[in-house]
**Student:** 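Below is one structure. I have some questions about it.
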Amino acid sequence: MIDVRFRLGFGSRNPSNTFSQFSQSFSLSDETSTFIHDQMDLIMTSWLMSVEIKNQNHHHTNVTLAIYCPQLILIIMSTSSICISLLAAVAMLALGYSFSRQRTTQHRQLQDQVAELQRQLNQLATAASSDTVLQEHHRFLPKKDKEDKKDKEDKENERLLSCACNDTTSGFTYASDFGIMGDATTDDTLALQAAIDSASANDSGGIVVLPKGTFRIFEPLIVPAGVTLQGQGYGDSPLAISFDAGASTIAYCGTDYAVKLGGHAAGLRDVAVYDWPYGTDCENIQAAGGVLVEADATLIESVIVSNIFIYYFLGGPALSLVAKNSGGVPFGNYQNVRIRHAKQGISLQADETSFVNSNSFMAGGMSGGGFEVGVIAQGPGACNDNKFYGIFIEPPDTTLTHVYVSGSKTNIKLHDVRLEATSKPLDKPIVIVDESSYDNVMNGFLGHTHVQANLNRNPGIDLMSHKSVGLDPSPKNLYWNSAFKGYNAEDRMMPGFSLVGPNADISILEDSDEMLFPDHNVIDVNYLNYGGAFKLMADITPKSPAHDFVTFGVYARSSVPGSISAAMRYKSGSIISSAPHSGGGEWEFIGMTALYDKNSPYFYFSITGDVQLTAPTFLYGKTPATPGASLMSSSGARMSGTLTMGVTTVYPPPEATPYYWNIPLNSGNIFLIDTQGNPSRTIIRLNHQTADRFARGTVVTLMFEEAGTRVKHNAYINLKNNADFVSGPSTSITLMATGSPTWIEVSRNE
């Protein structure tokens with residue numbers, strides 16, 4: 001019981017000189033008293049009030065507020081209770097020089113304000129009556145009707161206090177409030193769907209909380225946009241459902257999918273989904289699949305699935321993302337999806353008009369038997385850029401393969417995955433990428449068999465083992481004169497390039513400070529603004545049937561927007577081009593990577609404005625460009641610059657073997673013969689020991705400064721016309737190694 005009395009005084013420093021007073025008594029819990037104390041913050045500027053509050057425990061709180069003029073405020077509060085305090089604000093109008101004439105007016109104003117205070121206290125008394133409950137955040141809500149059974153009432157009240165589950169803003173819908181049983185026998189389909197529908201209709205929170213239990217359903221659960229079905233986990237076993245471990249198990253008995261996520265941000269987490277085989281009503285019934293996200297002529301994005309166990313769906317995919325009829329399923333997040341025993345693990349599929357892309361799968365994986373395929377991604381629509389991080393795919397065997405990708409618009413990215421197939425025959429691939437698919441990325445652990453894919457179209461496949469290996473394109477720049485050397489202005493010819501069209505003047509910038517790369521000339525193209533585009537292209541384009549992609553480009557500097565772009569004939573036969581130069585006056589690399597027409601390859605730079613060029617690069621394969629160098633390789637080389645070769649001095653052999661000369665291996669190709677002042681020497685053998693022999697085809701030149709040294713024709717040195725070579729001053733003989741102890745003369749300069 002709270003007793004509140006107000007005494008209002010006027011014109012005196014002694015509050016006992018009361019001008020008016022009233023009192024109010026009502027029942028008030030300590031919690032409500034605290035609320036009133038915290039919330040009442042009245043500011044009144046015309047009267048003096050003293051408030052005495054007595055609660056049912058006879059503790060007192062006295063509050064006195066005195067204001068004697070608007071400019072001076074003195075607040076004195078004395079408190080003897082720790083349970084409750086009610087702050088009442090009192091104020092007094094400033095005393096004027098005509099106090100007596102205004103006394104009646106001020107009296108009337110005070111009475112009006114006292115009446116307002118009385119009204120507010122009546123409201124508080126009503127709020128504190130026994131048929132209301134004060135909730136957190138200062139809302140007054142009706143109490144839930146009492147339950148017939150005491151234990152159910154206690155359970156409900158406990159939930160009210162802990163989560164405010166009847167508050168529609170709290171974010172939770174409790175499936176137990178809708179009559180679900182979870183006893184593995186009762187049909188919970190309608191009750192569970194009703195809870196989900198309630199969340200969808202904003203009649204309750206958007207998270208539907210499923211308690212532990214086994215919930216039998218005979219129709220698919222439809223989880224709409226913005227609703228998440230959340231259980232208590234899937235038990236304590238990663239290999240089978242453990243029904244006594246506090247798990248929430250959706251036990252589906254039907255021929256459709258068990259759960260369908262049907263809208264933006266729909267979610268499923270912390271549950272087991274089971275193709276239920278028990279009971280006479282479920283015998284010989286096989287589900288079409290476990291969890292389905294299907295966009296039929298609509299868009300479903302940002303689906304979240306986490307910590308779920310999908311078990312025993314031997315009739316179809318455990319998890320399936322499908323788009324059809326111009327539908328789309330992008331940007332989903334799937335975490336720790338554990339799949340055991342299924343026909344297909346994860347299926348991604350888009351028809352010609354639709355797309356399934358940019359979904360992320362993190363951790364989790366699949367094992368067990370019955371698998372046709374672990375992960376399958378197939379078009380013909382855009383089913384690409386779906387990423388898998390750290391998952392494992394390790395059924396002992398699959399009838400098709402562990403990972404299957406098909407479609408020209410389809411690819412997947414597997415990062416740090418584990419692929420194992422302990423029972424798969426070694427001649428059967430663990431990964432199959434259809435010839436039409438490209439840009440797949442796969443790396444991680446490959447435990448068995450091999451990868452079947454066009455690795456030139458998929459250089460990002462780096463799964464390697466003793467049965468398989470990845471493949472990267474060669475970094476060789478096939479523009480053999482990428483340094484733009486040897487330009488003949490008179491003939492308007494550049495070695496290695498064709499200058500197509502008379503509508504541009506070409507010159508070499510003489511200032512070496514303009515070079516972007518060492519020893520690479522910069523050419524200045526002055527476009528003459530007639531006759532269409534001026535073209536710069538290689539004079540001979542080497543073919544590479546093994547590769548489907550080509551990468552090429554050039555560094556360009558221009559102040560003319562769109563002055564240059566790279567162009568090529570695409571695989572379809574049409575001409576495509578790169579992004580053009582911005583015209584910002586800085587160096588930009590203008591280039592492209594694309595599938596090219598193997599039957600009629602055609603690559604060029606299209607120039608329609610003044611531009612400076614340097615360091616062009618061209619290579620086959622989908623790989624970053626490598627401007628700044630022309631590389632020689634074992635397949636051949638052409639050079640426009642200077643070739644510098646190693647030169648080494650050779651001295652006579654020991655006196656015990658005067659005819660057996662040895663030239664140093666890997667020290668160059670030109671050897672200066674120093675006869676140590678005795679030129680009358682004979683050479684019969686060169687590098688006769690096996691360890692010192694040069695590789696077959698190596699060409700060396702022996703240079704002589706003095707006359708009189710003989711290179712004798714014999715079984716080890718085969719000279720032209722069987723004629724010995726005798727040196728004169730500044731003469732030479734060139735020989736080629738055969739890889740055996742013998743040499744063959746190439747030429748001589750006597």
Side-chain angles (χ1 to χ4, degrees), residues 476-477 480-483 485-486 495-496 512 515 517-521 628-750:
K476 179 182 177 182
N477 186 354
W480 69 269
N481 185 18
S482 66
K485 302 286 188 178
S512 61
M515 291 183 178
F517 293 92
D519 297 323
H520 280 64
N521 285 338
S630 287
L631 304 178
M632 294 189 296
S633 76
S634 58
S635 65
R638 296 172 70 189
M639 297 190 63
S640 60
T642 301
L643 175 65
T644 301
M645 305 179 69
V647 179
T648 302
T649 300
V650 177
Y651 300 98
E655 293 182 1
T657 55
Y659 309 122
Y660 287 49
W661 289 63
N662 195 73
I663 56 180
L665 188 66
N666 298 325
S667 296
N669 295 82
I670 299 174
F671 299 94
L672 303 179
I673 305 300
D674 185 346
T675 60
Q676 298 287 294
N678 180 17
S680 299
R681 297 176 182 271
T682 300
I683 300 174
I684 295 178
R685 297 194 65 175
L686 286 173
N687 294 48
H688 66 287
Q689 294 184 353
T690 302
D692 296 331
R693 291 173 186 168
F694 282 71
R696 184 173 184 267
T698 303
V699 176
V700 301
T701 298
L702 308 181
M703 305 286 297
F704 300 89
E705 290 295 324
E706 300 175 289
T709 301
R710 179 182 297 272
V711 179
K712 188 173 180 60
H713 169 75
N714 62 84
Y716 297 103
I717 302 178
N718 185 3
L719 301 181
K720 287 183 177 181
N721 301 321
N722 300 329
D724 292 351
F725 169 84
V726 179
S727 69
S730 300
T731 57
S732 63
I733 185 172
T734 299
L735 307 172
M736 183 190 75
T738 63
S740 67
T742 63
W743 297 77
I744 299 175
E745 180 182 353
V746 175
S747 63
R748 65 176 69 186
N749 176 28
E750 293 181 309

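Only this structure's heavy atoms are used, side chains among them; waters, hydrogens and symmetry mates stay out.
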**Student:** With sequence neighbours excluded, tell me which residues meet salt bridge (Lys or Arg N to Asp or Glu O under 4.0 Å) with E745.
**Tutor:** R748
**Student:** Before you tell me yes or no, could you show the steps for I744 and T742 under side chain to side chain contact (heavy atoms under 4.5 Å, CB included), namely the whole-Å CA-CA distance, both residues' side-chain angles and the distance that decides it to 0.1 Å?
**Tutor:** CA-CA 7 Å; I744 299 175; T742 63; 5.6 Å; no
**Student:** Testing the basics here: between L719 and D724, what is the closest heavy-atom pair and its distance to 0.1 Å?
**Tutor:** CD1-CA, 3.9 Å
**Student:** Quick one: pull up CD1 in I683 and CD1 in I717 and give me the separation to the nearest 0.5 Å.
**Tutor:**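 Rounded to the nearest 0.5 Å, the CD1-CD1 separation comes to 7.0 Å.
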**Student:** Give every residue pair that meets the salt bridge (charged side-chain N to carboxylate O under 4.0 Å, His left out) criterion with at least one member in residues 658-673, sequence neighbours excluded.
**Tutor:**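 For residues 658-673: none.
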**Student:** With a cut-off of 3.5 Å and sequence neighbours excluded, list every side-chain donor-acceptor pair involving residues 689-697.
**Tutor:**
unit_1, atom_1, unit_2, atom_2, d
R693, NH2, H688, O, 3.4

**Student:** Is there side-chain contact between S730 and E705, with at least one heavy-atom pair below 4.5 Å?
**Tutor:**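 Yes. Closest side-chain heavy atoms under 4.5 Å.
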**Student:** In chain order, what residues pass the ring-ring contact (aromatic ring centres under 6.0 Å, His included) check against Y651, with sequence neighbours excluded?
**Tutor:** none
**Student:** State, with a plain yes or no, whether a side-chain heavy atom of T648 is found less than 4.5 Å away from one of I663.
**Tutor:**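 Not in contact.
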**Student:** So, do T738 and N718 sit near enough that their side-chain heavy atoms are less than 4.5 Å apart?
**Tutor:** no
**Student:** Got a sec, which residues hit side chain to side chain contact (heavy atoms under 4.5 Å, CB included) with N749, two or more places apart in sequence or on another chain?
**Tutor:**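 So N749 forms a side chain to side chain contact (heavy atoms under 4.5 Å, CB included) with S732.
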**Student:** Please tell me if the side chains of T709 and V711 come closer than 4.5 Å, counting only heavy atoms from C-beta onward.
**Tutor:**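 No; the side chains remain at least 4.5 Å from each other.
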**Student:** Are the side chains of L735 and L702 in contact, using a 4.5 Å heavy-atom criterion?
**Tutor:**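 Yes; the side chains approach each other to less than 4.5 Å.
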**Student:** Could you work out, with side chain to side chain contact (heavy atoms under 4.5 Å, CB included) as the rule, every residue matching V647, not counting sequence neighbours?
**Tutor:** I670, L672
**Student:** Name all residues meeting the side chain to side chain donor-acceptor pair (under 3.5 Å) criterion together with T731; count only those two or more places apart in sequence or in a different chain, and write none if there are none.
**Tutor:**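 Per chain and number, T731 pairs via side chain to side chain donor-acceptor pair (under 3.5 Å) with no residue.
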**Student:** With no hydrogens and no angle check, is any side-chain donor or acceptor of T734 less than 3.5 Å from a backbone partner on V746?
**Tutor:**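 Judged by distance alone, no pair lies under 3.5 Å.
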**Student:** Which residues satisfy the side chain to side chain donor-acceptor pair (under 3.5 Å) test with T644, sequence neighbours excluded?
**Tutor:**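 Scan of T644 (side chain to side chain donor-acceptor pair (under 3.5 Å), adjacent residues dropped) gives none.
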**Student:** Test of understanding: with side chain to side chain contact (heavy atoms under 4.5 Å, CB included), list the residues that count as partners of N678, not counting sequence neighbours.
**Tutor:** S680, R681
**Student:** On a heavy-atom basis, which atom in P679 and which in E706 lie closest, and how many Å separate them?
**Tutor:**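 Nearest heavy atoms, P679 then E706: CB-CB, 4.0 Å.
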**Student:** Would you find a donor on one side and an acceptor on the other, under 3.5 Å apart, between the side chain of S667 and the backbone of G646?
**Tutor:** no
**Student:** For Y660, I'd like to know if atom OH has over 12 heavy atoms of other residues, nucleotides or ligands within 6.0 Å.
**Tutor:** no
**Student:** Give the intermediate values and the outcome of side chain to side chain contact (heavy atoms under 4.5 Å, CB included) for residues S482 and H520.
**Tutor:** CA-CA 7 Å; S482 66; H520 280 64; 3.7 Å; yes
**Student:** For P495, does its backbone N or O pair with a side-chain atom of N481 as donor and acceptor, under 3.5 Å?
**Tutor:**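 Yes, because the side chain of N481 sits within donor-acceptor range (under 3.5 Å) of the backbone of P495.
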**Student:** What ring pair (Phe, Tyr, Trp, His ring centres under 6.0 Å) pairs are there with at least one residue in residues 711-741, not counting sequence neighbours?
**Tutor:**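 Of all non-adjacent pairs touching residues 711-741, those that pass ring pair (Phe, Tyr, Trp, His ring centres under 6.0 Å) are F704-F725.
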**Student:** For D519, which residues count as a side chain to side chain donor-acceptor pair (under 3.5 Å) partner, sequence neighbours excluded?
**Tutor:**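 If we apply the side chain to side chain donor-acceptor pair (under 3.5 Å) test to D519, skipping adjacent residues, there are no hits.
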**Student:** Which heavy-atom pair separates N669 from V699 by the least distance, and what is that distance?
**Tutor:** ND2-O, 3.0 Å
**Student:** By side chain to side chain contact (heavy atoms under 4.5 Å, CB included), which residues pair with T682, not counting sequence neighbours?
**Tutor:**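 Applying side chain to side chain contact (heavy atoms under 4.5 Å, CB included) to T682 gives Y659, I684, R710, K712.
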